[in-house]
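A short worksheet on the structure shown next.
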Amino acid sequence: MKWTGLNKLREMYLSFFESKGHLRLPSAPLLPQGDNSLLLINSGMAPLKKYFSGEAVPPRKRVTTCQKCIRTPDIERVGITARHGTYFEMLGNFSFGDYFKREALHWSWEFCTKVLELPEDRLWASVYENDDEAVEIWTKEIGMPADHVVRLGKEDNFWEIGSGPCGPCSEIYFDRGPEYGCGSPDCKPGCDCDRFMEFWNNVFTQFNHDGNGGYTELEKKNIDTGMGLERLACLMQGVNSLFEVDTVRNILNHVCRIAGVEYHDNEKSDISIRVITDHIRSTVFMTCDGILPSNEGRGYVLRRLLRRAARHGRLLGINRPFLFEICDTVIEENKGAYPELLEKADYIKRVISEEEKRFAQTIDSGMAMLSEMTDKLVASGNRVLSGDDAFKLYDTYGFPIDLTREITAEKGLSVDMERFTELMNIQKETARSARMAAGVEGWSNSDLLSSIPATRFLGYTTLSAPAEILAILSGDESVGSIPVGTEAVLVLDSTPFYVESGGQVGDVGLIRQPGGVFEVTDTKKTAGGQYTHFGKVVEGNITVGACNAEVDETVRSATMRNHSATHLLQAAVRTVLGG
Ligand code: SER
């Protein structure tokens with residue numbers, strides 16, 4: 001086995017499975033498309049669920065992907081340990097009713113030993129306790145020593161999420177050596193110590209779980225495997241932490257350069273360096289995929305990550321917006337596999353820097369205010385920050401509640417969440433009613449829109465043009481896709497749609513994608529220059545990304561006839577001058 005860079009490992013895996021008849025699909029966006037059960041994509045199989053359940057037909061029965069994933073349940077641990085992160089990539093090979101256990105295990109062995117050249121004697125496997133078939137394949141067919149195959153229970157070796165397709169799994173472990181172990185003679189996969197590192201999970205999706213404890217055999221059996229790319233890179237690069245992996249370390253070095261600090265100089269600054277490094281990776285990819293900072297849902301996750309990173313910047317002594325600068329290194333390290341990062345670089349940096357600037361205006365006074373509040377609490381012997389104080393920090397200083405909770409917890413204090421939630425609900429209700437009263441125009445003042453770049457107007461020279469849907473605003477959030485019948489507001493990078501102004505109504509027309517059609521019933525412009533296309537999906541689904549925007553010519557010319565000659569003249573002059 002030899003040192004291999006993360007980008008090369010991704011390519012080695014995908015091309016290996018292509019050579020086994022798999023179709024390589026690009027990573028799905030982090031924003032789940034047409035799946036409301038998930039806030040963010042969190043595993044390789046998540047965007048493929050429809051193929052496992054039979055709801056949709058896969059483009060091929062064998063598929064391989066490297067999927068961007070976000071997991072935030074452990075966000076408070078990120079930074080504190082060198083193991084936790086919120087962003088990672090998951091390599092996977094999938095069979096939808098095609099090959100099963102035998103091929104999956106043989107190929108995983110071939111990839112580990114022939115492609116990665118991992119020493120055979122350092123590989124171990126765990127299998128579900130009564131899965132004799134998997135034991136036979138590992139020991140009799142592949143030739144793994146019997147004592148390297150460990151049977152574990154349902155908790156470790158049966159993969160399911162709620163109801164639906166599920167099954168036993170077999171995990172592959174790398175023995176890092178006794179120096180990492182606990183010394184127990186019983187130490188083997190499943191032990192809590194650091195010696196055996198699990199890096200590849202092969203799930204044999206062969207049952208359907210009815211959600212009430214009933215399992216029935218699926219007619220067609222599937223394979224779902226998942227291997228964390230960063231974890232594989234740790235193994236291949238002989239490092240102990242994700243932050244030491246080549247591409248991640250380059251981002252970390254950029255953070256250190258800006259802060260003027262060295263990594264491994266002291267534990268306190270290391271925590272902040274790791275927080276920023278991890279969170280800038282997540283937020284660049286989330287922004288690229290159409291998520292915008294907001295106070296709800298996935299937008300809140302993005303805001304929380306960015307503001308947590310900004311606070312750690314302050315702790316490192318960086319007293320200016322800086323996160324947007326680190327975006328360049330994230331993009332540089334990942335542009336080969338994700339060229340969309342390069343295409344949207346300006347947009348990503350703009351969204352992140354706007355959010356950073358917005359928080360920068362209040363972060364110092366907010367942090368000072370919070371210190372004052374906690375000092376008073378401690379002096380009075382009280383250990384609970386009032387909900388009113390937490391709400392004031394949120395409402396006036398833009399402190400996401402989780403950030404306040406985290407900072408107070410660092411001082412051994414807690415927050416009265418009941419009162420905070422009460423105040424939040426009152427505020428949400430007031431904002432909702434205000435939006436309703438303002439009608440669709442309520443969106444124009446939305447916080448969500450303020451980070452999006454101004455739209456380029458193309459309508460002087462054309463009535464139909466290819467464009468990019470940058471954001472879909474529906475309910476109180478920006479979403480990745482919307483199904484037929486949904487009313488929403490689309491924001492495009494450029495548009496031929498003329499906006500309502502000076503008594504003239506906004507253009508109407510269609511925004512088309514291969515998978516759906518959106519009927520635009522009005523177009524308006526915000527103070528920030530973003531064009532908002534109001535309307536409804538009339539066919540299929542509409543998703544963030546490329547589209548064709550088509551103004552309804554008959555309506556436009558009828559409106560134009562009624563419109564002042566001055567405007568027509570201006571338009572003509574602009575056309576001639578190319579303005
Ligand atoms: N679904 C399994 C996992 O997430 C294997 O891909 O671990």
Side-chain angles (χ1 to χ4, degrees), residues 9-10 13-14 16-17 20 22-28 30 32 35 37-53 58 61-74 83-101 103-105 107-109 111-112 124-128 131 134 152-174 189-190 196-209 215 218 221-235 242:
L9 287 168
R10 186 195 295 109
Y13 181 90
L14 295 171
F16 174 79
F17 280 99
K20 305 291 181 198
H22 291 65
L23 173 70
R24 181 196 299 219
L25 291 181
S27 170
L30 285 164
D35 176 2
S37 70
L38 268 184
L39 211 52
L40 293 159
I41 293 298
N42 59 3
S43 68
M45 67 85 75
L48 307 172
K49 272 196 297 198
K50 54 187 184 287
Y51 302 141
F52 284 113
S53 65
K61 285 181 170 180
R62 296 179 185 187
V63 161
T64 184
T65 61
C66 178
Q67 176 62 46
K68 302 174 265 191
C69 299
I70 299 268
R71 286 188 190 171
T72 53
D74 288 327
R83 264 184 320 120
H84 288 90
T86 57
Y87 175 82
F88 65 100
E89 293 175 65
M90 194 181 260
L91 299 163
N93 52 288
F94 306 93
S95 155
F96 308 109
D98 186 42
Y99 65 88
F100 195 50
K101 216 176 274 193
E103 293 86 338
L105 294 184
W107 287 336
S108 59
W109 182 255
F111 182 72
C112 288
W124 291 58
S126 65
V127 299
Y128 183 50
D131 192 352
L152 295 174
K154 195 167 176 190
E155 205 170 286
D156 291 295
N157 278 66
F158 194 94
W159 202 87
E160 63 185 330
I161 25 170
S163 57
C166 58
C169 57
S170 178
E171 297 184 306
I172 307 176
Y173 289 74
F174 183 74
F196 294 94
M197 176 164 123
E198 185 267 305
F199 67 97
W200 197 350
N201 191 8
N202 281 256
V203 184
F204 315 126
T205 321
Q206 67 192 87
F207 299 112
N208 189 58
H209 184 201
Y215 294 89
L218 286 172
K221 301 190 184 359
N222 310 298
I223 288 293
D224 151 29
T225 92
M227 170 154 62
L229 177 59
E230 290 81 353
R231 196 174 282 195
L232 174 67
C234 283
L235 199 162
L242 115 95

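All values derive from a computational prediction rather than experimental measurement. Numbering of ligands and ligand atoms starts at 1, following listing order.
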Given the side-chain rings of Trp107 and Phe16, with only the six-membered ring counted for Trp, is the space between their centroids under 6.0 Å?
no
CA sep, side-chain torsions, deciding dist, call: Arg231, Glu89, salt bridge (Lys or Arg N to Asp or Glu O under 4.0 Å)
CA-CA 9 Å; Arg231 196 174 282 195; Glu89 293 175 65; over 6 Å; no
Just jot down the ligand 1 atoms closer than 4.0 angstrom to any heavy atom of Val203, in number order.
2 (C), 5 (C)
Do the side-chain N and O atoms of Asn93 and Thr225 include a donor-acceptor pair separated by under 3.5 angstrom?
yes
State plainly whether the residues Arg83 and Glu230 are in salt-bridge range, i.e. N to O under 4.0 Å.
no
Which of the numbered atoms in ligand 1 are below 4.0 angstrom from a heavy atom of Thr225?
5 (C), 6 (O)
Within the structure, does Ser43 bring an N/O atom to less than 3.5 angstrom of an N/O atom in ligand 1?
no
Enumerate the atoms of ligand 1 whose separation from the nearest heavy atom of Met90 is less than 4.0 angstrom.
4 (O)
Mind checking whether Phe17 and Tyr13 have parallel, tilted or perpendicular rings, split at 30° and 60°?
tilted
So which protein heavy atom does atom 5 (C) of ligand 1 come closest to, and at what separation?
Asp224 OD1, 3.3 Å
Considering distance alone, does some N or O of Gly226 sit under 3.5 Å from an N or O of ligand 1?
yes
Residue, atom name and distance, where the atom is the protein heavy atom closest to atom 7 (O) of ligand 1
Asn201 ND2, 3.5 Å
Taking the six-membered ring for Trp and the single ring otherwise, decide whether the centroids of Phe158 and Tyr215 are under 6.0 Å apart.
yes
Would you please indicate yes or no on a ring centroid separation below 6.0 angstrom for Phe196 and Phe174?
no
Can you tell me which residue and heavy atom of the protein come closest to atom 3 (C) of ligand 1, and the distance to 0.1 Å?
Trp159 NE1, 3.5 Å
Ligand 1 atoms nearer than 4.0 angstrom to some heavy atom of Met45 are 1 (N)
